[in-house]
Amino acid sequence: MTIYLDSAIISEAQTAKELGWVKGITTNPTLLSKTDLPVETTLKELAKLTNGPVFYQLISSELDEMVKEGRKAFEIIGYQTVLKIPATIVGFQAVTRLSPEINCSVTAIYSPAQAAVAKEAGAKYAIAYVNRATKLLGDGIALVREMASVLANSSTEILAASIKSPEEAAASLQAGAHHLTLPLSMLQAMATDRLSLQTVEDFNKNGRGISY
Ligand SMILES: O=C[C@H](O)COP(=O)(O)O
């Protein structure tokens with residue numbers, strides 16, 4: 001299992017790096033629009049702040065343009081590149097073209113059938129937007145479970161995105177997601193429990209330890 005930061009803000013990537021257990025960064029066009037830096041600069045800086053993958057989502061919608069954009073992203077980010085390619089007919093064509101040379105994910109999957117196509121196209125990751133699916137379809141966790149069933153025994157891994165609570169993050173993993181991507185606030189929330197803080201306070205109040 002791997003947990004990624006879902007952000008294009010450099011200071012957030014720095015904070016996530018300092019957390020130590022965040023293993024990569026996912027972006028999308030909306031997240032990239034939240035910084036004034038040129039996209040190329042942002043992607044290069046994000047890549048410096050993680051040893052893991054940096055996900056870049058293609059914005060072109062025509063096949064040859066998508067292939068060009070994907071190769072350009074690889075030139076900018078390098079070996080850490082994972083392309084996010086939308087789950088559309090042309091998107092799956094682009095995955096088929098690009099996956100032999102660059103790691104690809106299929107993003108915005110809303111059905112187990114699309115997950116099956118992502119696998120056949122050669123995607124390394126199938127991305128489920130859990131909370132959006134709950135809002136649009138009724139049960140985003142069920143979508144992850146159905147995708148896990150379809151992708152069992154394949155090398156295509158499920159990345160759960162659009163997570164709005166620690167409970168939703170844990171439920172996604174229980175349903176079969178291999179990885180999570182979360183905004184910084186959600187990463188911090190996942191690591192925090194009021195009872196843990198209370199318990200530690202109880203131990204430390206009258207407790208003893210080594211001098212250093
Ligand atoms: O790109 C993936 C994001 O995790 C989607 O999250 P969102 O539903 O909050 O936009």
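Everything quoted here is computed from the prediction, not taken from an experiment. Each ligand, and each atom within it, is numbered from 1 in the order the structure gives.
Between the side chain of Q57 and the main chain of P29, no donor-acceptor pair closer than 3.5 Å is present. No side-chain donor-acceptor contact under 3.5 Å links S196 to the backbone of T192.
Backbone and side-chain nitrogen or oxygen atoms of T27 are examined, and none is located within less than 3.5 angstrom of a nitrogen or oxygen of ligand 1. By the 3.5 Å distance cut-off applied to N or O atoms, Q57 is not counted among the residues near ligand 1. The shortest N or O to N or O distance between T181 and ligand 1 is not below 3.5 Å.
The nearest heavy-atom contact from the protein to atom 10 (O) of ligand 1 is R132 NH2, 2.6 Å. Of all protein heavy atoms, the one closest to atom 1 (O) of ligand 1 is N28 ND2, 2.8 Å. For atom 3 (C) of ligand 1, the closest non-hydrogen atom on the protein side is D6 OD2, 3.1 Å. Of the protein's heavy atoms, S162 CB, 3.9 Å lies nearest to atom 5 (C) of ligand 1. The protein heavy-atom contact nearest to atom 9 (O) of ligand 1 is K164 NZ, 2.4 Å.
Every atom of ligand 1 is numbered from 1 in the order shown, and the set under 4.0 Å from a heavy atom of K84 is 1 (O), 2 (C).
When the options E69, E65, K68 are evaluated for a side-chain hydrogen bond (donor to acceptor under 3.5 Å, both in side chains) with S60, the one that passes is E69.
A perpendicular orientation is assigned to the rings of H179 and Y125, their planes being inclined by more than 60° (bins at 30° and 60°).
Atom NZ of K119 sits about 8.0 Å away from atom OG of S155, to the nearest 0.5 Å.
Y4 and F55 have their aromatic ring centers within a separation under 6.0 angstrom.
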